[in-house]
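Notes for the one structure printed next.
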Amino acid sequence: MSEFKSDFLHTLSERGFIHQTSDDQGLDKLFQEETVTAYIGFDPTAASLHAGSLTQIMLLHWLQKTGHKPISLMGGGTGMVGDPSFKDESRQLMTLEKIDENIASLKTIFANYLQYGDGKTDALMLNNADWLKGINYLEFLRDVGRHFSVNRMMAFDSVKLRLDREQSLSFLEFNYMILQGYDFVELAKRHDCRVQLGGSDQWGNIINGIDLGHRMGTKQLYAITTPLLTTSSGAKMGKSANGAIWLNAEMLSAYDFWQYWRNTEDADVTKFLKLFTTMPMDEIDRLSALGGSEINEVKKILATEITAMAHGREQADAAAETARKTFEEGAVAQDLPSINVPAGDLSEGVGLLSLIVSAGLAGSNGEARRHIKGGAIKINDKQVTDERMMITDNATSDEGVIKLSMGKKKHVLIRPS
(Lines give C-alpha, C1' and ligand atoms only; values in the text may rest on other atoms or scores of the structure.)
Protein backbone atom coordinates (compact mmCIF):
# COMPACT_ATOMS: atom_id res chain seq x y z
CA MET A 1 0.00 0.00 0.00
CA SER A 2 1.70 3.16 -1.18
CA GLU A 3 -0.30 5.81 0.70
CA PHE A 4 -1.38 5.38 4.29
CA LYS A 5 -4.07 7.69 5.68
CA SER A 6 -3.39 7.15 9.40
CA ASP A 7 -0.79 9.46 10.94
CA PHE A 8 1.17 6.59 12.45
CA LEU A 9 1.57 4.46 9.35
CA HIS A 10 2.12 7.50 7.12
CA THR A 11 4.94 8.60 9.43
CA LEU A 12 6.50 5.14 9.49
CA SER A 13 6.26 4.84 5.73
CA GLU A 14 7.87 8.17 4.86
CA ARG A 15 10.66 7.65 7.38
CA GLY A 16 11.57 4.15 6.19
CA PHE A 17 10.42 2.06 9.16
CA ILE A 18 8.18 -0.45 7.38
CA HIS A 19 9.52 -3.73 6.05
CA GLN A 20 6.36 -5.83 6.18
CA THR A 21 2.85 -5.74 7.62
CA SER A 22 0.27 -8.46 8.08
CA ASP A 23 -2.54 -6.34 6.56
CA ASP A 24 -1.91 -2.83 5.19
CA GLN A 25 -5.56 -1.86 4.81
CA GLY A 26 -6.72 -3.42 8.08
CA LEU A 27 -3.94 -1.71 10.03
CA ASP A 28 -4.51 1.66 8.39
CA LYS A 29 -8.23 1.49 9.18
CA LEU A 30 -7.50 0.47 12.79
CA PHE A 31 -5.09 3.35 13.36
CA GLN A 32 -7.54 5.83 11.82
CA GLU A 33 -10.51 4.74 13.90
CA GLU A 34 -9.10 3.77 17.30
CA THR A 35 -6.50 4.61 19.90
CA VAL A 36 -4.37 1.54 19.29
CA THR A 37 -2.27 -0.27 21.87
CA ALA A 38 0.85 -1.89 20.39
CA TYR A 39 3.94 -3.48 21.87
CA ILE A 40 7.53 -4.52 21.31
CA GLY A 41 9.32 -7.12 23.42
CA PHE A 42 12.84 -6.59 24.72
CA ASP A 43 14.98 -9.27 26.36
CA PRO A 44 16.78 -7.94 29.46
CA THR A 45 20.07 -9.62 28.59
CA ALA A 46 22.15 -6.59 29.66
CA ALA A 47 21.81 -3.48 31.82
CA SER A 48 21.46 -1.38 28.67
CA LEU A 49 20.20 -1.61 25.13
CA HIS A 50 22.57 -0.41 22.42
CA ALA A 51 22.08 1.74 19.34
CA GLY A 52 20.92 -1.29 17.35
CA SER A 53 17.66 -1.15 19.37
CA LEU A 54 16.95 2.49 18.50
CA THR A 55 14.79 1.60 15.51
CA GLN A 56 12.38 -0.29 17.77
CA ILE A 57 12.43 2.37 20.50
CA MET A 58 11.68 5.07 17.92
CA LEU A 59 8.76 2.98 16.65
CA LEU A 60 7.20 3.19 20.11
CA HIS A 61 8.04 6.90 20.29
CA TRP A 62 6.17 7.64 17.04
CA LEU A 63 3.29 5.39 18.10
CA GLN A 64 2.76 7.57 21.17
CA LYS A 65 3.44 10.84 19.35
CA THR A 66 0.69 10.06 16.83
CA GLY A 67 -1.88 9.45 19.56
CA HIS A 68 -1.60 5.75 20.41
CA LYS A 69 -0.51 3.68 23.41
CA PRO A 70 2.87 1.89 23.50
CA ILE A 71 3.83 -1.06 25.64
CA SER A 72 7.50 -1.81 26.23
CA LEU A 73 7.39 -5.46 27.24
CA MET A 74 10.32 -6.71 29.28
CA GLY A 75 11.10 -10.38 28.81
CA GLY A 76 11.58 -11.23 32.47
CA GLY A 77 10.00 -14.61 31.79
CA THR A 78 11.27 -15.35 28.29
CA GLY A 79 14.65 -13.98 29.34
CA MET A 80 14.95 -17.07 31.53
CA VAL A 81 14.80 -19.14 28.33
CA GLY A 82 16.56 -17.09 25.65
CA ASP A 83 15.55 -16.22 22.10
CA PRO A 84 17.17 -18.69 19.66
CA SER A 85 16.48 -16.47 16.64
CA PHE A 86 19.49 -16.51 14.30
CA LYS A 87 21.88 -17.32 17.15
CA ASP A 88 24.62 -19.90 16.64
CA GLU A 89 24.30 -21.26 20.15
CA SER A 90 22.18 -21.09 23.27
CA ARG A 91 22.20 -17.92 25.33
CA GLN A 92 23.78 -18.12 28.75
CA LEU A 93 20.96 -18.37 31.27
CA MET A 94 20.59 -15.53 33.79
CA THR A 95 19.51 -15.53 37.41
CA LEU A 96 16.19 -13.94 38.35
CA GLU A 97 18.06 -11.31 40.36
CA LYS A 98 20.17 -10.33 37.34
CA ILE A 99 17.10 -10.13 35.11
CA ASP A 100 15.32 -7.82 37.58
CA GLU A 101 18.44 -5.69 37.91
CA ASN A 102 18.68 -5.30 34.13
CA ILE A 103 14.99 -4.41 33.79
CA ALA A 104 15.35 -1.63 36.39
CA SER A 105 18.25 -0.22 34.40
CA LEU A 106 16.39 -0.44 31.07
CA LYS A 107 13.47 1.55 32.48
CA THR A 108 15.69 4.62 32.72
CA ILE A 109 16.49 4.39 29.00
CA PHE A 110 12.89 4.09 27.81
CA ALA A 111 11.87 7.07 29.94
CA ASN A 112 13.94 9.27 27.60
CA TYR A 113 11.73 8.33 24.65
CA LEU A 114 8.30 7.58 26.11
CA GLN A 115 5.89 9.20 28.55
CA TYR A 116 4.80 6.60 31.11
CA GLY A 117 1.70 6.95 33.25
CA ASP A 118 -1.99 6.12 33.60
CA GLY A 119 -3.36 8.26 30.77
CA LYS A 120 -5.05 7.01 27.62
CA THR A 121 -1.88 7.18 25.52
CA ASP A 122 0.67 6.94 28.34
CA ALA A 123 3.12 4.10 27.84
CA LEU A 124 3.16 0.95 29.94
CA MET A 125 6.22 -1.05 30.91
CA LEU A 126 5.20 -4.63 31.56
CA ASN A 127 7.06 -7.82 32.41
CA ASN A 128 5.97 -11.11 30.88
CA ALA A 129 7.15 -12.90 34.02
CA ASP A 130 3.88 -11.65 35.55
CA TRP A 131 1.95 -14.26 33.59
CA LEU A 132 4.61 -16.76 32.50
CA LYS A 133 6.11 -17.64 35.90
CA GLY A 134 2.79 -18.87 37.28
CA ILE A 135 1.92 -21.11 34.35
CA ASN A 136 0.74 -24.64 35.11
CA TYR A 137 2.67 -26.73 32.57
CA LEU A 138 -0.01 -29.33 31.90
CA GLU A 139 -2.72 -26.71 31.46
CA PHE A 140 -0.42 -24.69 29.19
CA LEU A 141 0.25 -27.73 26.98
CA ARG A 142 -3.46 -28.44 26.74
CA ASP A 143 -4.71 -24.88 26.21
CA VAL A 144 -1.87 -23.33 24.21
CA GLY A 145 0.64 -25.94 23.03
CA ARG A 146 -1.99 -27.86 21.07
CA HIS A 147 -2.37 -24.93 18.68
CA PHE A 148 1.27 -25.10 17.50
CA SER A 149 2.44 -27.28 14.63
CA VAL A 150 5.96 -28.62 15.07
CA ASN A 151 6.19 -29.01 11.29
CA ARG A 152 5.53 -25.28 10.87
CA MET A 153 7.89 -24.31 13.68
CA MET A 154 10.69 -26.36 12.11
CA ALA A 155 10.27 -24.36 8.90
CA PHE A 156 10.95 -20.96 10.53
CA ASP A 157 14.27 -19.48 9.46
CA SER A 158 15.35 -18.90 13.06
CA VAL A 159 15.09 -22.64 13.74
CA LYS A 160 15.93 -23.98 10.29
CA LEU A 161 19.27 -22.18 10.10
CA ARG A 162 20.40 -23.72 13.39
CA LEU A 163 19.40 -27.20 12.27
CA ASP A 164 20.91 -26.81 8.80
CA ARG A 165 24.23 -25.94 10.46
CA GLU A 166 23.81 -28.98 12.70
CA GLN A 167 23.98 -26.71 15.74
CA SER A 168 22.21 -27.69 18.92
CA LEU A 169 18.74 -26.26 19.51
CA SER A 170 17.50 -27.09 22.99
CA PHE A 171 13.91 -27.91 23.85
CA LEU A 172 14.06 -24.91 26.19
CA GLU A 173 14.69 -22.54 23.30
CA PHE A 174 12.22 -24.32 21.03
CA ASN A 175 9.55 -23.26 23.51
CA TYR A 176 10.52 -19.60 23.12
CA MET A 177 8.34 -19.01 20.08
CA ILE A 178 5.37 -20.52 21.90
CA LEU A 179 5.93 -18.23 24.87
CA GLN A 180 6.29 -15.16 22.62
CA GLY A 181 3.07 -16.02 20.80
CA TYR A 182 1.36 -16.45 24.15
CA ASP A 183 2.62 -12.99 25.23
CA PHE A 184 0.69 -11.43 22.35
CA VAL A 185 -2.49 -13.23 23.39
CA GLU A 186 -2.09 -12.24 27.05
CA LEU A 187 -1.51 -8.58 26.11
CA ALA A 188 -4.56 -8.68 23.84
CA LYS A 189 -6.71 -10.01 26.67
CA ARG A 190 -5.27 -7.85 29.46
CA HIS A 191 -4.71 -4.54 27.63
CA ASP A 192 -6.61 -4.83 24.31
CA CYS A 193 -3.22 -4.80 22.55
CA ARG A 194 -3.82 -5.30 18.83
CA VAL A 195 -0.40 -4.88 17.20
CA GLN A 196 3.07 -6.31 17.72
CA LEU A 197 6.02 -4.41 16.30
CA GLY A 198 9.51 -5.78 15.80
CA GLY A 199 12.46 -6.38 13.52
CA SER A 200 12.00 -8.43 10.37
CA ASP A 201 13.79 -11.38 12.03
CA GLN A 202 10.80 -11.63 14.39
CA TRP A 203 8.20 -12.02 11.63
CA GLY A 204 7.65 -15.74 12.19
CA ASN A 205 7.26 -15.34 15.96
CA ILE A 206 4.81 -12.45 15.54
CA ILE A 207 2.70 -14.32 12.99
CA ASN A 208 2.62 -17.24 15.43
CA GLY A 209 1.06 -14.89 17.99
CA ILE A 210 -1.53 -13.63 15.51
CA ASP A 211 -2.48 -17.20 14.61
CA LEU A 212 -2.64 -18.23 18.28
CA GLY A 213 -4.86 -15.25 19.05
CA HIS A 214 -7.23 -16.27 16.27
CA ARG A 215 -7.42 -19.82 17.68
CA MET A 216 -7.90 -18.58 21.26
CA GLY A 217 -10.63 -16.06 20.50
CA THR A 218 -8.94 -12.64 20.60
CA LYS A 219 -9.83 -9.76 18.32
CA GLN A 220 -7.93 -9.64 15.03
CA LEU A 221 -4.23 -9.05 15.77
CA TYR A 222 -1.67 -7.42 13.47
CA ALA A 223 2.06 -7.27 12.75
CA ILE A 224 4.47 -4.58 11.59
CA THR A 225 8.17 -5.27 11.11
CA THR A 226 11.12 -3.00 10.36
CA PRO A 227 14.05 -3.68 8.03
CA LEU A 228 17.14 -5.15 9.66
CA LEU A 229 19.54 -2.26 9.73
CA THR A 230 23.21 -2.20 8.80
CA THR A 231 25.46 0.67 7.80
CA SER A 232 26.18 1.24 4.11
CA SER A 233 29.51 -0.56 4.50
CA GLY A 234 27.69 -3.58 5.95
CA ALA A 235 28.67 -3.04 9.59
CA LYS A 236 26.18 -4.05 12.27
CA MET A 237 24.29 -1.15 13.84
CA GLY A 238 25.20 -0.30 17.40
CA LYS A 239 28.72 -1.68 17.29
CA SER A 240 32.04 0.11 17.02
CA ALA A 241 35.67 -0.92 17.06
CA ASN A 242 35.68 -0.24 20.81
CA GLY A 243 32.50 -2.16 21.58
CA ALA A 244 28.75 -1.64 21.83
CA ILE A 245 27.23 1.84 21.56
CA TRP A 246 25.21 1.64 24.76
CA LEU A 247 22.22 3.92 25.43
CA ASN A 248 22.90 3.99 29.17
CA ALA A 249 25.09 6.98 30.10
CA GLU A 250 26.76 4.95 32.84
CA MET A 251 28.05 2.51 30.23
CA LEU A 252 28.95 5.01 27.49
CA SER A 253 29.44 8.75 27.86
CA ALA A 254 27.31 11.26 25.97
CA TYR A 255 30.48 12.43 24.22
CA ASP A 256 31.40 8.95 22.93
CA PHE A 257 27.76 8.42 21.91
CA TRP A 258 27.82 11.74 20.01
CA GLN A 259 31.08 10.79 18.32
CA TYR A 260 29.64 7.49 17.04
CA TRP A 261 26.90 9.34 15.16
CA ARG A 262 29.26 12.13 14.06
CA ASN A 263 31.27 9.42 12.28
CA THR A 264 28.24 8.21 10.30
CA GLU A 265 29.05 7.21 6.74
CA ASP A 266 27.94 9.80 4.17
CA ALA A 267 25.50 7.39 2.53
CA ASP A 268 23.68 6.76 5.83
CA VAL A 269 23.08 10.35 6.96
CA THR A 270 19.62 10.82 5.42
CA LYS A 271 18.45 7.37 6.54
CA PHE A 272 19.56 7.99 10.11
CA LEU A 273 17.99 11.47 10.20
CA LYS A 274 14.65 9.86 9.27
CA LEU A 275 14.90 6.92 11.64
CA PHE A 276 16.58 8.30 14.73
CA THR A 277 15.52 11.94 14.99
CA THR A 278 12.16 13.69 15.18
CA MET A 279 13.21 16.45 12.79
CA PRO A 280 10.46 17.41 10.28
CA MET A 281 10.73 15.74 6.90
CA ASP A 282 11.04 19.05 5.02
CA GLU A 283 14.09 19.94 7.14
CA ILE A 284 15.58 16.48 6.57
CA ASP A 285 15.03 16.94 2.81
CA ARG A 286 16.82 20.30 2.98
CA LEU A 287 19.79 18.88 4.86
CA SER A 288 19.93 15.86 2.57
CA ALA A 289 20.40 18.12 -0.43
CA LEU A 290 23.65 19.51 1.00
CA GLY A 291 26.89 18.06 -0.27
CA GLY A 292 30.63 18.50 -0.16
CA SER A 293 32.08 19.74 3.09
CA GLU A 294 28.58 20.69 4.28
CA ILE A 295 27.83 17.01 4.90
CA ASN A 296 30.09 17.22 7.96
CA GLU A 297 27.87 19.96 9.42
CA VAL A 298 24.83 17.76 8.79
CA LYS A 299 26.53 14.90 10.63
CA LYS A 300 27.02 17.18 13.63
CA ILE A 301 23.31 18.01 13.57
CA LEU A 302 22.50 14.30 13.30
CA ALA A 303 24.78 13.45 16.24
CA THR A 304 23.40 16.25 18.40
CA GLU A 305 19.74 15.41 17.72
CA ILE A 306 20.16 11.69 18.42
CA THR A 307 22.22 12.39 21.55
CA ALA A 308 19.62 14.90 22.77
CA MET A 309 16.96 12.17 22.81
CA ALA A 310 19.20 9.64 24.57
CA HIS A 311 21.01 11.93 27.02
CA GLY A 312 19.12 15.24 27.06
CA ARG A 313 19.68 18.45 25.12
CA GLU A 314 22.20 19.85 27.61
CA GLN A 315 24.46 16.81 27.37
CA ALA A 316 24.16 16.77 23.57
CA ASP A 317 25.13 20.42 23.24
CA ALA A 318 28.02 19.90 25.66
CA ALA A 319 29.28 16.94 23.59
CA ALA A 320 29.08 19.01 20.40
CA GLU A 321 30.98 21.87 22.07
CA THR A 322 33.64 19.50 23.43
CA ALA A 323 34.16 18.16 19.90
CA ARG A 324 34.34 21.69 18.48
CA LYS A 325 37.00 22.77 20.96
CA THR A 326 39.00 19.60 20.45
CA PHE A 327 38.93 19.48 16.66
CA GLU A 328 38.55 23.10 15.61
CA GLU A 329 40.57 24.88 18.29
CA GLY A 330 42.94 22.07 19.25
CA ALA A 331 42.15 22.85 22.86
CA VAL A 332 41.99 20.40 25.76
CA ALA A 333 38.27 20.10 26.46
CA GLN A 334 37.74 18.88 30.02
CA ASP A 335 34.62 16.92 28.99
CA LEU A 336 36.64 14.47 26.88
CA PRO A 337 36.65 10.85 28.08
CA SER A 338 39.25 10.40 30.79
CA ILE A 339 40.99 7.80 32.93
CA ASN A 340 42.69 8.24 36.29
CA VAL A 341 46.30 7.15 36.73
CA PRO A 342 47.93 7.21 40.19
CA ALA A 343 50.17 10.26 40.48
CA GLY A 344 52.90 8.05 41.95
CA ASP A 345 52.92 5.90 38.81
CA LEU A 346 53.21 8.95 36.59
CA SER A 347 56.08 10.35 38.64
CA GLU A 348 58.00 7.13 37.93
CA GLY A 349 56.74 6.80 34.38
CA VAL A 350 54.03 4.68 32.72
CA GLY A 351 54.71 2.73 29.53
CA LEU A 352 53.07 4.23 26.43
CA LEU A 353 51.76 0.84 25.28
CA SER A 354 50.00 0.09 28.56
CA LEU A 355 48.61 3.62 28.70
CA ILE A 356 47.07 3.24 25.24
CA VAL A 357 45.44 -0.05 26.28
CA SER A 358 44.24 1.36 29.62
CA ALA A 359 42.66 4.29 27.76
CA GLY A 360 40.67 1.89 25.57
CA LEU A 361 42.37 3.01 22.36
CA ALA A 362 43.68 -0.50 21.72
CA GLY A 363 42.79 -3.97 22.91
CA SER A 364 46.34 -5.21 23.35
CA ASN A 365 49.97 -4.09 23.42
CA GLY A 366 50.37 -5.50 19.92
CA GLU A 367 47.51 -3.42 18.59
CA ALA A 368 48.87 -0.35 20.40
CA ARG A 369 52.29 -0.98 18.84
CA ARG A 370 50.72 -1.04 15.36
CA HIS A 371 48.98 2.29 16.01
CA ILE A 372 52.30 3.84 17.07
CA LYS A 373 54.12 2.49 14.02
CA GLY A 374 51.31 3.83 11.83
CA GLY A 375 51.83 7.31 13.22
CA ALA A 376 48.36 7.46 14.78
CA ILE A 377 49.33 8.16 18.41
CA LYS A 378 49.86 11.64 19.83
CA ILE A 379 50.63 12.97 23.30
CA ASN A 380 49.38 16.52 23.79
CA ASP A 381 48.86 16.76 20.00
CA LYS A 382 52.46 15.77 19.23
CA GLN A 383 53.09 12.52 17.37
CA VAL A 384 55.05 9.85 19.22
CA THR A 385 56.94 7.05 17.48
CA ASP A 386 58.86 5.30 20.26
CA GLU A 387 56.87 2.30 21.51
CA ARG A 388 59.17 2.06 24.55
CA MET A 389 58.42 5.63 25.57
CA MET A 390 57.59 6.27 29.23
CA ILE A 391 54.95 8.90 29.99
CA THR A 392 55.64 10.93 33.14
CA ASP A 393 53.99 13.79 34.98
CA ASN A 394 56.26 16.12 33.03
CA ALA A 395 53.75 15.74 30.19
CA THR A 396 50.93 17.19 32.33
CA SER A 397 49.49 20.33 30.74
CA ASP A 398 48.52 23.58 32.43
CA GLU A 399 45.00 22.12 32.71
CA GLY A 400 46.39 19.31 34.86
CA VAL A 401 45.90 16.51 32.33
CA ILE A 402 47.77 14.62 29.60
CA LYS A 403 45.94 14.41 26.26
CA LEU A 404 46.37 11.01 24.58
CA SER A 405 45.06 10.84 20.99
CA MET A 406 44.67 8.20 18.31
CA GLY A 407 44.04 9.70 14.90
CA LYS A 408 41.98 12.85 14.61
CA LYS A 409 38.82 11.75 16.42
CA LYS A 410 39.75 9.65 19.44
CA HIS A 411 41.06 11.46 22.51
CA VAL A 412 41.36 10.45 26.17
CA LEU A 413 42.54 12.64 29.04
CA ILE A 414 44.99 11.08 31.50
CA ARG A 415 44.27 12.53 34.93
CA PRO A 416 46.81 12.10 37.76
CA SER A 417 44.95 10.87 40.86
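- Judged purely by atom type and a 3.5 angstrom limit, Asn112 has no side-chain atom pairing as donor or acceptor with the backbone of Met309.
- Within 6.0 Å of the NE2 atom in His214, the count of heavy atoms belonging to other residues, nucleotides or ligands does not exceed 12.
- Looking only at side-chain heavy atoms (C-beta outward), Trp131 and Arg190 come within less than 4.5 Å of each other.
- Ion pairing between a basic and an acidic side chain is recognised when a charged N comes within 4.0 Å of a carboxylate O; Asp282 and Arg286 show no such pairing.
- A distance of 10.5 Å separates NE2 of His10 from CD1 of Ile18, quoted to the nearest 0.5 Å.
- The minimum heavy-atom distance linking Ala303 with Thr307 is given by the pair O-OG1, 2.6 Å.
- No side-chain donor-acceptor contact under 3.5 Å links Asp268 and Thr231.
- Within 6.0 Å of atom NZ in Lys378, 12 or fewer heavy atoms from other residues, nucleotides or ligands are found, so the atom counts as exposed in its surroundings.
- The minimum heavy-atom distance between Tyr116 and Asp122, with the atom names listed, is C-CB, 4.0 Å.
- The closest donor-acceptor contact from the side chain of His191 to the backbone of Cys193 lies at 3.5 Å or more, if one exists at all.
- Within the model, atoms CG of Asp28 and CD of Gln25 stand 8.5 Å from one another, a figure rounded to the nearest 0.5 Å.
- Here the side chain of Asn102 pairs a donor or acceptor atom with the backbone of Pro44 at under 3.5 angstrom.
- Taking CE of Met125 as the start and CD1 of Ile71 as the end, the distance is 11.5 Å to the nearest 0.5 Å.
- Applying side chain to side chain contact (heavy atoms under 4.5 Å, CB included) to Tyr39 and the options Leu124, Leu197, Leu187, Val195 leaves one that passes, Leu187.
- Counting only heavy atoms from C-beta outward, the side chains of Ile306 and Thr277 approach each other to under 4.5 Å.
- Aromatic ring orientation, Phe276 versus Phe272: tilted (interplanar angle from 30° to 60°).
- Residues Ser48 and Leu247 approach most closely at OG-N, 3.3 Å, considering heavy atoms.
- Without hydrogens or angle criteria, Ser13 side chain to Leu9 main chain gives no donor-acceptor distance under 3.5 Å.
- Considering every non-hydrogen atom in both Leu275 and Met58, the closest pair reads O-CG, 3.4 Å.
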If you apply the rule salt bridge (Lys or Arg N to Asp or Glu O under 4.0 Å), what do you find for Lys189 with Glu186, and how did you get there? CA-CA 5 Å; Lys189 290 181 176 179; Glu186 279 293 320; 5.6 Å; no
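- Residues Tyr222 and Thr21 fail the side-chain proximity criterion, which asks for heavy atoms closer than 4.5 Å.
- Tested against Leu212 for a side chain to side chain contact (heavy atoms under 4.5 Å, CB included), the candidates Ile178, Ile207, Asp183, Val185 yield a single pass: Val185.
- Separation of the Phe31 and Phe4 ring centroids does not fall under the 6.0 Å cut-off.
- Distance alone, capped at 3.5 Å, is enough to place a donor-acceptor pair between the Lys69 side chain and the Gly119 backbone.
- Under the 4.0 Å criterion applied to side-chain N and carboxylate O atoms, Glu305 and Arg313 are assigned as salt-bridge partners.
- Remark: the Gln202 side chain and the Gln196 side chain contain no N/O donor-acceptor pair separated by less than 3.5 Å.
- Two residues are said to be in side-chain contact when any heavy atoms from C-beta on lie closer than 4.5 Å; Leu287 and Met279 meet this criterion.
- No side-chain donor-acceptor contact under 3.5 Å links Lys300 to the backbone of Ala320.
- In this structure, OG1 on Thr66 lies 9.5 Å from NE2 on His61, to the nearest 0.5 angstrom.
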Residues Leu355, Val341; criterion side chain to side chain contact (heavy atoms under 4.5 Å, CB included); working and verdict: CA-CA 9 Å; Leu355 201 60; Val341 175; 4.1 Å; yes
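- If you check the side chains of Asn248 and Ser105, you find a donor sitting under 3.5 Å from an acceptor.
- For the pair Asn128 and Met74, the minimum side-chain heavy-atom distance is 4.5 Å or more.
- The nearest pair of heavy atoms linking Ala129 to Gly76 is CB-C, 3.8 Å.
- At least one side-chain heavy atom of Ile284 sits under 4.5 Å from a side-chain heavy atom of Arg15.
- Not a single donor-acceptor pair under 3.5 Å links the side chain of Arg194 to the backbone N or O of Thr37.
- Within the 3.5 Å criterion, the main-chain N or O of Gln115 finds a donor-acceptor partner in the side chain of Gln64.
- Annotation: the span from His371 atom NE2 to Leu353 atom CG amounts to 11.0 Å, rounded to 0.5 Å.
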Run the side chain to side chain contact (heavy atoms under 4.5 Å, CB included) check on Leu404 and Ile379 step by step: do they pass? CA-CA 5 Å; Leu404 174 63; Ile379 295 290; 3.4 Å; yes
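- Counting only heavy atoms from C-beta outward, the side chains of Leu96 and Lys133 approach each other to under 4.5 Å.
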Let me see the working for Tyr182 and Asp143 under side chain to side chain contact (heavy atoms under 4.5 Å, CB included), right down to the final yes or no. CA-CA 11 Å; Tyr182 183 65; Asp143 298 338; over 6 Å; no
Before giving the answer on side chain to side chain contact (heavy atoms under 4.5 Å, CB included), spell out for Phe184 and Ile210 the whole-Å C-alpha distance, their side-chain angles and the decisive distance to 0.1 Å. CA-CA 8 Å; Phe184 203 172; Ile210 292 175; 3.8 Å; yes
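- At least one side-chain heavy atom of Leu54 sits less than 4.5 Å from a side-chain heavy atom of Tyr113.
- Glu265 places a side-chain N or O within 3.5 Å of a backbone atom of Ser233 that can act as its donor or acceptor partner.
- A donor-acceptor pair is defined here as one N or O able to donate and one able to accept, closer than 3.5 Å; such a pair exists between the side chain of Glu367 and the backbone of Gly363.
- Salt-bridge annotation for Lys65 and Asp7: absent, with no side-chain N of the basic residue lying under 4.0 Å from a carboxylate O of the acidic one.
- Atom OG of residue Ser405 and atom CG of residue Leu413 lie 8.5 Å apart, to the nearest 0.5 angstrom.
- When all heavy atoms of Phe17 and Lys274 are compared, the closest pair comes out as CE1-O, 4.1 Å.
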